[in-house]
Amino acid sequence: MALNLHDQLVVAISSRALFDFEEENNVFEHGNDAAYVALQRQRLELPAAPGVAFSLVRKLLAFNSAEHQRVEVVLLSRNDPVSGMRVFRSCRAHGLPSVQRGVFTQGRDPFGYLRPLGAHLFLSANEADVRQALHLGYPAARVLTESVQAGDAHPHEVRIAFDGDAVLFSDEAERVFQAQGLAAFQQHETDKAAQPLPEGPFKPLLVALHRLQQAADTGMRVRTALVTARSAPAHERAIRTLMDWNIAVDEAMFLGGLPKGEFLREFEPDFFFDDQTGHVTSAAQHVPSGHVSSGIANPPAAAPVQKNRD
């Protein structure tokens, strides 16, 4: 029987999201691809330092056991194969020997490979790749490589925080807010409190995490939080939507526009996802953060000039 990943939570991740390749990327951004490859070749025996998403990956892989493979992490990178060799060596050096699959496209678009992988999450530092992955229907976020890295206070919990509108839920309500203001938004959500919100791009990841939590017997657990600018009475529709999905989050923060960063610092997530660049930039000062380029807050961008590997 052919191998497949259908019963696993699949995370596709780029080199720069998993490891700190900022010095190497700076060489690439200055327009010298050959110098970048040469530098990676020179450093083959030097493991790269952990990057922003390292804690998330390490903890997710801890759900695996000799009997059950529940999580698969696949490197999906614009890097060349030689640089990919260094990434695999860095995985082994930092205790991630189970990261064994990778696709390295040497500058070409990598996001098409999300389909055969059946990915539940794609993390990359390349905004164009993230936008394309979201367009194809895959949960994806641009990792802010300048983010504070996760702490080690909760070694047996994978902690993940999500924004609501345009992340877990669609941007339906956000569109009302943008067009008509807060009062209209509150009235709209009160009127539709019993009507579940349409799903957003990250619902498949939340479902996969819920399934992982239910199946786990490894001493690891998942702890999730909804961290949203909503407040009462608009909170009710969000809660009812999760109830309709038959999924419960462990914590819900209805902040009514308060800055999210300090609340996230208390929750201590291994990763936080938000569609608003201002919220993500602020949160990155406290926790590992990723920008979800979806919804009305992120209009389609012109084709960007490629400025980084991934």
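There is no path of hydrophobic side-chain contacts, each under 4.5 Å, that joins Val176 to Val167. There is no path of hydrophobic side-chain contacts, each under 4.5 Å, that joins Met85 to Val73. By the criterion of side-chain heavy atoms lying less than 4.5 angstrom apart, applied directly or through intervening Ile, Leu, Val, Met, Phe, Trp or Tyr residues, Val52 is not grouped with Val280; the two fall into different hydrophobic clusters. Taken together through direct or relayed side-chain contacts under 4.5 Å among Ile, Leu, Val, Met, Phe, Trp and Tyr, Val158 and Leu18 form part of one hydrophobic cluster. Follow the hydrophobic side-chain contacts under 4.5 Å out from Leu9 and you reach Leu206 in the same cluster.
Listed by first and then second residue, the salt bridge (Lys or Arg N to Asp or Glu O under 4.0 Å) pairs that reach into residues 272-287 are Lys260-Asp274, sequence neighbours excluded.
A salt bridge does not link Glu189 with Arg240: every distance from a Lys NZ or Arg NE/NH1/NH2 to an Asp or Glu carboxylate oxygen is 4.0 Å or more. Under a 4.0 Å N-O distance rule, the pair Glu72/Arg101 qualifies as a salt bridge. In this structure, Arg78 pairs ionically with Asp129, as a charged nitrogen and a carboxylate oxygen lie closer than 4.0 Å.
At a threshold of 4.5 Å between non-hydrogen side-chain atoms, the residues Phe21 and Gln40 count as touching. Contact annotation: the side chain of Pro288 never approaches that of Val148 to less than 4.5 Å [non-hydrogen atoms, C-beta and beyond]. A heavy-atom distance below 4.5 Å is found between the side chains of Asn298 and Arg131. Taking 4.5 Å as the limit, every side-chain heavy atom of Phe19 sits out of range of all side-chain heavy atoms of Arg86. Using a 4.5 Å cut-off on side-chain heavy atoms (C-beta onward), Leu56 and Leu123 make contact. Within the 4.5 Å cutoff, the side chain of Ser293 has heavy atoms near those of the Leu134 side chain. Residues Glu157 and Met220 form no side-chain contact, since every pair of their non-hydrogen atoms from C-beta on lies 4.5 Å or further apart. Put simply, the side chain of Val287 does not reach to within 4.5 Å of the side chain of Glu268, judged on heavy atoms.
The minimum heavy-atom distance between Ala234 and Phe185, with the atom names listed, is CB-CE2, 3.8 Å. Taking every heavy atom of both residues into account, Gln186 and Ser231 meet most closely at NE2-OG, 3.5 Å. In terms of heavy-atom proximity, His94 sits nearest to Pro47 at NE2-CB, 4.1 Å. Between His120 and Arg211, the shortest heavy-atom contact is NE2-NH2, 3.8 Å. Listed here is the closest heavy atom pair of Pro204 and Pro201: CD-O, 3.4 Å. Of all heavy-atom pairs spanning Leu75 and Val87, the tightest one is CD1-CG1, 3.5 Å.
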Determine, step by step, whether Gln100 and Arg92 satisfy the side-chain contact (heavy atoms from CB on, under 4.5 Å) criterion, reporting the C-alpha distance in whole Å, the side-chain angles of both residues, the deciding distance to 0.1 Å, and the verdict.
CA-CA 10 Å; Gln100 298 177 349; Arg92 291 198 301 272; over 6 Å; no
Applying side-chain contact (heavy atoms from CB on, under 4.5 Å) to Leu60 and Leu212, what does each step give before you reach the verdict?
CA-CA 9 Å; Leu60 283 173; Leu212 180 66; 4.1 Å; yes
Please test Glu45 against Arg89 for side-chain contact (heavy atoms from CB on, under 4.5 Å), starting from the C-alpha separation and ending with a verdict.
CA-CA 8 Å; Glu45 305 302 327; Arg89 290 186 178 189; 2.5 Å; yes
CA sep, side-chain torsions, deciding dist, call: Lys192, Glu236, salt bridge (Lys or Arg N to Asp or Glu O under 4.0 Å):
CA-CA 9 Å; Lys192 296 194 172 186; Glu236 185 170 330; over 6 Å; no
For Asn79 and Tyr36, what are the C-alpha separation, side-chain angles and deciding distance, and is it a side-chain hydrogen bond (donor to acceptor under 3.5 Å, both in side chains)?
CA-CA 10 Å; Asn79 262 320; Tyr36 171 86; 2.4 Å; yes
Can Arg70 and Asp7 be said to form a salt bridge (Lys or Arg N to Asp or Glu O under 4.0 Å), step by step?
CA-CA 7 Å; Arg70 297 188 176 95; Asp7 59 346; over 6 Å; no
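The ring pair (Phe, Tyr, Trp, His ring centres under 6.0 Å) search around Phe273 returns Phe162, Phe202, Phe271, not counting sequence neighbours. Looking at residues two or more places apart in sequence or on another chain, you find a ring pair (Phe, Tyr, Trp, His ring centres under 6.0 Å) between Phe88 and Phe104. Qualifying side-chain contact (heavy atoms from CB on, under 4.5 Å) partners for Met243, counting only residues two or more places apart in sequence or in other chains: Ile239.
In the model, Ser15 has a side-chain atom that pairs as donor or acceptor with a side-chain atom of Ser77 under 3.5 Å. With 3.5 Å as the limit, one finds a donor-acceptor pair spanning the side chains of Asp270 and Ser55. Using a 3.5 Å distance cut-off with no hydrogens or angles, the side chains of His286 and Glu262 do not pair a donor with an acceptor. Between Gln187 and Asp191, the side chains place a donor N or O and an acceptor N or O closer than 3.5 Å (distance only, hydrogens not considered).
Here His235 contributes atom NE2 and Leu226 contributes atom CG; the two are 11.5 Å apart, rounded to the nearest 0.5 Å. In this structure, CG in Leu96 is found 5.5 Å from SG in Cys91, a value given to the nearest 0.5 Å. In this structure, the separation between CZ on Arg221 and NE2 on His154 is 11.5 Å, given to the nearest 0.5 Å. Rounding to the nearest 0.5 Å gives a distance of 11.5 Å between CD of Gln8 and NE2 of His68. Separating the CG atom in Asp165 from the CD atom in Gln178 is a distance of 10.5 Å, to the nearest 0.5 Å. Atom OG in Ser289 sits 9.0 Å away from atom CD in Glu146 (nearest 0.5 Å).
Under a 4.5 Å side-chain heavy-atom criterion applied to ILVMFWY residues, the cluster that includes Tyr138 comprises Leu76, Val103, Phe111, Tyr113, Leu114, Phe122, Leu136 as well.
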Solution key, residues 249-258 side-chain donor-acceptor pairs under 3.5 Å, sequence neighbours excluded:
residue	atom	partner	partner atom	Å
Asp250	OD2	Thr224	N	2.9
Glu251	OE2	Arg223	NE	3.2
Glu251	OE2	Arg223	NH2	3.1

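Exactly one residue among Asp171, Thr241, Leu168 makes a side-chain contact (heavy atoms from CB on, under 4.5 Å) with Leu197. That residue is Thr241.
The closest donor-acceptor contact from the side chain of Ser147 to the backbone of Leu144 lies under 3.5 Å. Without hydrogens or angle criteria, Gln149 side chain to Gly151 main chain gives no donor-acceptor distance under 3.5 Å. Although no hydrogens or angles enter the test, the distance criterion places no donor-acceptor pair under 3.5 Å between the side chain of Ser124 and the main chain of Val130.
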